[in-house]
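Read through the structure below, which is laid out as structure tokens, and then see the notes.
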Amino acid sequence: MIILRFFASLREQLGLERETMDMTADLTVGQVVAALQVRGEQWQQAFGNQTVLVAVNQELVDHDSPLSDGDELAFFPPVTGG
């Protein structure tokens with residue numbers, strides 16, 4: 001099982017802060033993102049943007065990164081400033 005966490009505008013857009021996902025096989029971050037996108041238009045919009053940042057166990061990673069049972073996978077929009 002992995003823990004999914006959604007931050008900032010993603011949390012607001014999806015109406016969800018946290019959930020768990022069973023790991024039935026070895027997964028990568030990209031495979032989890034693809035599984036989330038098939039949930040519907042709201043999810044496609046949230047994760048269709050390649051600028052969504054992803055962290056595994058609080059370290060930034062790319063979509064090719066492997067996941068292990070018990071990992072925390074966090075998604076958040078890029079930080080903007082002025």
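Here the CG-CG distance, from Leu53 to Leu60, works out to 6.0 Å after rounding to the nearest 0.5 Å. Here the straight-line distance linking atom OG of Ser68 with atom CG of Asp26 works out to 8.0 Å at 0.5 Å rounding.
Counting heavy atoms from C-beta on, the side chains of Leu67 and Val29 come closer than 4.5 Å. Residues His63 and Val33 have side chains in contact (heavy-atom distance under 4.5 Å, counting atoms from C-beta outward). You'll find the side chain of Val38 stays beyond 4.5 Å of the side chain of Trp43, heavy atoms only.
In this view, Asp69 and Met1 satisfy the side-chain contact (heavy atoms from CB on, under 4.5 Å) rule, not counting sequence neighbours.
Partner of Leu73 under the side-chain contact (heavy atoms from CB on, under 4.5 Å) criterion, out of Leu27, Ile3, Val54: Val54 alone.
Scanning both residues, Val61 and Ser65, for their nearest heavy atoms gives CB-OG, 3.2 Å.
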Identify all side-chain donor-acceptor contacts of residues 4-18 below 3.5 Å with residues at least two apart in sequence or on another chain.
none

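At least one donor-acceptor pair closer than 3.5 Å links the side chain of Asn57 to the backbone N or O of Glu72. In this structure, Thr28 contributes its side chain and Gln31 its backbone to a donor-acceptor pair below 3.5 Å.
Applying the 6.0 Å contact sphere to CG of Asp62 captures more than 12 heavy atoms from other residues, nucleotides or ligands.
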Could you check Leu36 against Met21 for side chain to side chain contact (heavy atoms under 4.5 Å, CB included), going step by step and ending with a plain yes or no?
CA-CA 10 Å; Leu36 294 173; Met21 178 182 279; 4.1 Å; yes
